[in-house]
Amino acid sequence: MGTPSVLWNVAKKCFTVGVISLTVSDLFASIVPVRGASMSPTFNPKTKSLLDSLSDDRVLVEKLCLSNYKFSHGDVIVFCSPDNHKEKHIKRIVGLPGDWVGTIYDVVHITEGHCWVEGDNSASSLDSRSFGPVPLGLVKGRVTHILWPPHRVSSIERKTSRNRVSPS
């Protein structure tokens with residue numbers, strides 16, 4: 001007769017752990033895989049073959065920055081694609097509201113509530129040069145650390161390109 005109560009206790013504990021994990025993942029931080037070479041060499045520096053995709057970087061995404069959209073030039077962010085909200089992209093912030101960003105063909109003014117993002121590997125990056133400024137409402141968090149693979153565990157440094165951005 002003790003077996004059903006043991007199973008019930010295990011089920012309650014599993015459910016509690018699941019609810020707590022989901023809450024932490026939604027509110028504070030989550031772990032996200034990085035696919036592709038658009039942010040190479042910062043992420044996935046050796047993505048050349050199918051076997052390399054098995055060792056894609058996994059990163060820690062901090063979500064506390066979303067409360068007041070506290071971002072800086074050079075931050076790496078995760079955001080939903082402006083074209084397809086089911087896709088998530090990881091790019092570096094180049095321009096913030098009020099900035100003027102120089103592109104190959106033009107100079108773009110970043111309006112309030114938007115940011116300009118670009119991949120570190122411009123040759124293979126779909127970013128603001130393709131779809132324009134990204135609404136800050138699509139940002140899901142800031143990447144702070146590489147967690148996987150073990151030999152690449154490190155924090156993410158901010159890199160800025162001052163020669164292409166001028167504040168208003």
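Within the 4.5 Å cutoff, no side-chain heavy atoms of I77 are placed close to those of V143. By the 4.5 Å heavy-atom criterion applied to side chains, L96 and W116 are not counted as neighbours. Looking at heavy atoms from C-beta onward, V139 lies out of side-chain contact with V78 at the 4.5 angstrom threshold. Contact check for V76 versus I90: side-chain heavy atoms found under the 4.5 Å cut-off. Counting heavy atoms from C-beta on, the side chains of F79 and V117 come closer than 4.5 Å. Side-chain contact between I156 and I146 is present, with at least one heavy-atom pair separated by less than 4.5 Å.
Summarising the geometry of V134 relative to S128, their closest heavy-atom pair is CG2-OG, 4.0 Å, with the distance given to 0.1 Å. Scanning all heavy atoms of the two residues, the minimum distance from F71 to C65 falls at CE2-SG, 3.5 Å. In this structure, K140 and C80 approach most closely via the heavy-atom pair CE-SG, 3.3 Å. The shortest non-hydrogen separation linking R152 to P45 is CZ-CD, 3.6 Å.
Counting only distance, with no hydrogens or angles, the side chain of R92 and the backbone of G74 share a donor-acceptor pair below 3.5 Å. Proximity of a side-chain donor or acceptor of N9 to a complementary backbone N or O of V6 within less than 3.5 Å is not detected. The backbone N or O of P33 sits nowhere less than 3.5 Å from a side-chain atom of D56 that would complete a donor-acceptor pair. Remark: the backbone N or O of K86 is paired with a side-chain donor or acceptor of N84 at under 3.5 angstrom.
Separation of atoms CG (L147) and CG (L60) is listed at 5.0 Å; rounding is to 0.5 Å. A distance of 11.0 Å separates CZ of R129 from OH of Y105, quoted to the nearest 0.5 Å. A distance of 7.5 Å separates CG in L136 from CD1 in I93, rounded to the nearest 0.5 Å. Going from atom CZ of F131 over to atom OG of S81 covers 5.5 Å, rounded to the nearest 0.5 Å. From D57, atom CG reaches atom OG of S154 across 8.5 Å, with rounding to the nearest 0.5 Å. Separating the OG atom in S38 from the CG atom in D120 is a distance of 8.5 Å, to the nearest 0.5 Å.
By the criterion of side-chain heavy atoms lying less than 4.5 angstrom apart, applied directly or through intervening Ile, Leu, Val, Met, Phe, Trp or Tyr residues, V34 is not grouped with V153; the two fall into different hydrophobic clusters.
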For this session: Check the pair H109, D99 against side-chain hydrogen bond (donor to acceptor under 3.5 Å, both in side chains), reporting the backbone distance first and the verdict last.
Result: CA-CA 6 Å; H109 182 253; D99 288 346; over 6 Å; no

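With hydrogens and angles left out, the side-chain atoms of H89 and D127 include no donor and acceptor closer than 3.5 Å. Side-chain contact, K91 with S125: a donor N or O sits under 3.5 Å from an acceptor N or O.
In this structure S124 satisfies the side-chain hydrogen bond (donor to acceptor under 3.5 Å, both in side chains) test together with N121, sequence neighbours excluded. Evaluation of the side-chain hydrogen bond (donor to acceptor under 3.5 Å, both in side chains) rule for T111 yields H114 as partners, not counting sequence neighbours. Residues forming a side-chain hydrogen bond (donor to acceptor under 3.5 Å, both in side chains) with R142 (at least two apart in sequence, or on another chain): E62, D75.
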